[in-house]
There are 2 protein chains.
Amino acid sequence: MQADDGAQRGTRAPTIYDVARAAGVSASTVSRAFARPGRVNSETAERVRAAATAIGYRANPVAQALSTARTRMIAVLVSDLSNPIYAELLRGAQVAASAAGYGVLVEDTREDAVTERETAERILPLVEGVLLTSSRMSDAAIRAVAKQRPVVVLNRGLADVSCVVADEARGTRRAVEHLGEAGHRDLAYVAGPDASWTNGARWRAFSDACHELDLTGRRIGPFEPTFAGGFEAALALAGARSSGVLVFNALMAVGVIRGLQQAGLDVPGDVSVVGFDDVLIGQIVSPALTTVSTPLQAMGATALRNLLALVNGARPRSTGPVVVPARLLPRESSGPVAARTP
Amino acid sequence: MQADDGAQRGTRAPTIYDVARAAGVSASTVSRAFARPGRVNSETAERVRAAATAIGYRANPVAQALSTARTRMIAVLVSDLSNPIYAELLRGAQVAASAAGYGVLVEDTREDAVTERETAERILPLVEGVLLTSSRMSDAAIRAVAKQRPVVVLNRGLADVSCVVADEARGTRRAVEHLGEAGHRDLAYVAGPDASWTNGARWRAFSDACHELDLTGRRIGPFEPTFAGGFEAALALAGARSSGVLVFNALMAVGVIRGLQQAGLDVPGDVSVVGFDDVLIGQIVSPALTTVSTPLQAMGATALRNLLALVNGARPRSTGPVVVPARLLPRESSGPVAARTP
DNA sequence: GGAGGGGTGACAACCGGTTGCTGGAAGTTG
DNA sequence: CAACTTCCAGCAACCGGTTGTCACCCCTCC
């Protein structure tokens, strides 16, 4: 039980002035007793602390924020909280922020660049920094935000802005190699939103890898980055010749698997499916999804820690984005190409 | 492009004093031009607005919060963001808050009552209200928080505090009836955390329904409210006689299904499994999960709107919790009891 | 022409902290 | 014992808004 349990809703919360009166010192001494340990006599400080706990004083963060210009809050913008990858990223970021004494303001931008931009501008005066997870904004819009506050972008590479990205090129390459080794020569990439940087990066890496490995690589989409979007894509896929499919994200990949099954195709017997992101649903679906895995919570935490470093005056690293490794988790949704009965 | 695109990081943001100078009026007139439409001459107001946009003025929310004692922020505490039901609740709450011009501070309390209490106390001075989703705190701790700020609790019934709950009794009853009608006479309830109010409510309703319908109803657990927890529970279940199982939540239910399959049992052939919460993973798992469904995003939004009503001075409703309907979605994980070969 | 009154803008206090500066008390040194 | 430091608490200004109060202007009406 704390001394302040009695704090009533109506009664004004005690201020440093109340503490000052109770301790027989001035308000500035109270302020310093908390903020500048060495600046006041230790006995005086002790007396102030005792008085503070006695009357249940807690510093008003709003007043602190006003005079120090530090709100101790970070905005985290996600495009869709219903997508487990954003929930994981957010969780990693939130825990890291909390550990540093920062609060996290979440905003769901509903996959819309305009909403995202407006949200960012609206929230900007209130936060010390902004973490953009999978931003749908233009590079110019991101830079405009970054001019006003420290910004870290997650899942996107962008010059002059601090970035945390997975090694999309290598991860994608591994996925294509995996399909190629299984004998698939005709591959398809199921695209997510055009505004997604990762979508572009994955498609380019896919395309490059197909070319190098002498495979045919087509692209279909864009589709919504959801289960429904993947399901829809499967309809298009069912009529095509590709026996190996790489899908923009896990939610869609699961949709693709289900859609293909619905169309009477066997996965991986008729079509091998590989996705991105290691989330529970990919392990649950039958067959379990072969996927390119990245450490989501760790990425969220890293991005947030980098953001706090910027906020606290670190110079942005000029050596390009922080790249975290991606690895392929082979599971059941991919396998050797079948001898096809024409 | 906005006028404030030029706002630099180093340069101080313009204040009402800058606007006042530019418009040739006093600062208080600027303030009133924005906050009290009728209070200043419309021409003056127009001039002020023009000057404000010209120099890229935006009100400092911290300063506003300090003088009005309204931060326009709400804290939302969730016990585990990795659980999709909290992501959905949070999303509903965040969208509703945003629509009302409020920001949402999220905190993941990691299923721990102490963390939750400390988090609540820490964040309390900063927010106008607190939304507790599936709180693990004691009733007394919740009331202590509610004494300091308006509180709405979601997924928990509690006298003297505003609540939003699903109709657990009816939903659970329907699930038990469903199993009973399929011929299952020996049922088990797989329990979640003891500190969860919904867990208690579901167990009691399960127990009552079994009694009334003359079925045997045992309880196993508690287990972690995760896939892993459900998987673990399945091991205990595999050795038991129950042919119908009701599981605390969807994540666990999916774990139970997988665990039972792992143990060589068929679902629903050998054991029927029914869960709670309608989330994507329950539709994806094979067999698809029969579940008690509640409108998660809508509950989050309702809870947040009720909280804002309290914040804005509404009297707490004395007529008990807001109860939203729950309904059973029969899918593939439940079916008629099999003639068992002993 | 002077009194009464509504509209409107400015002054200044306030919200609750932080911090530069100042001066008095205590301690050190020659 | 005087001069010089060092330590430390208090004063007052400041962060950027909001708002109670008041004075002034102008219009109206007698």
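This is a predicted model, so every value here is computed, not measured.
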| Integer-rounded Å distance: C/dG9 P and B/Ile16 CD1 | 15 Å
| field | B/Glu116 versus B/Ser79, side-chain donor and acceptor atoms under 3.5 Å | value | no
| said: Looking at A/Thr15, I'd like to know whether one of its side-chain N or O atoms comes within less than 4.0 Å of OP1 or OP2 on C/dC15. | reply: no
| Side-chain donor-acceptor pair under 3.5 Å between A/Thr133 and A/Tyr86, yes or no? | no
| query | So what does A/Arg36 hit on the nucleic acid, given a heavy-atom distance under 4.0 Å: a base, only sugar-phosphate, or nothing? | reply | sugar-phosphate
| query | C/dC15 P sits how many Å from B/Gln64 CD, rounded? | reply | 18 Å
| said: Any base atoms under 4.0 Å from A/Ser31, or only sugar-phosphate, or nothing? Heavy atoms, all strands. | reply: base
| field | For atom OH of B/Tyr57 and atom C1' of D/dG17, their distance in whole Å | value | 7 Å
| field | Integer-rounded Å distance: D/dG10 P and A/Arg21 CZ | value | 14 Å
| field | Protein-nucleotide distance (A/Asn60, atom CG; C/dG16, atom C1'), rounded to Å | value | 6 Å
| Does one side chain, of A/Ser134 or A/Asn155, offer a donor that lies under 3.5 Å from an acceptor on the other? | yes
| request: Examine C/dA10: is either OP1 or OP2 under 4.0 Å from a nitrogen or oxygen in the side chain of B/Ser28? Give yes or no. | output: no
| field | d(CG, B/Asn41; P, C/dG6) in whole Å | value | 18 Å
| No-H, no-angle donor-acceptor pair, A/Arg32 side chain to C/dG17 base, under 3.5 Å | no
| said: Below the 4.0 Å mark, does D/dC15 have OP1 or OP2 next to a side-chain nitrogen or oxygen of A/Ser67? | reply: no
| task | Measure from CZ on A/Arg39 to C1' on D/dG10 and round the result to the nearest Å. | result | 10 Å
| note | When A/Cys163, A/Ser162, A/Pro321 are each screened for side-chain contact (heavy atoms from CB on, under 4.5 Å) with A/Val152, the one that passes is A/Ser162
| message | On DNA chain C, does the nearest nucleotide to A/Pro14 precede the nearest nucleotide to B/Thr29 from the 5' side, or the other way round? Give the residue. | response | B/Thr29
| message | Output the rounded distance in Å from OH (B/Tyr17) to C1' (C/dA12). | response | 10 Å
| query | Given side chains that start at C-beta, do those of B/Arg117 and B/Val145 come closer than 4.5 Å, heavy atoms only? | reply | yes
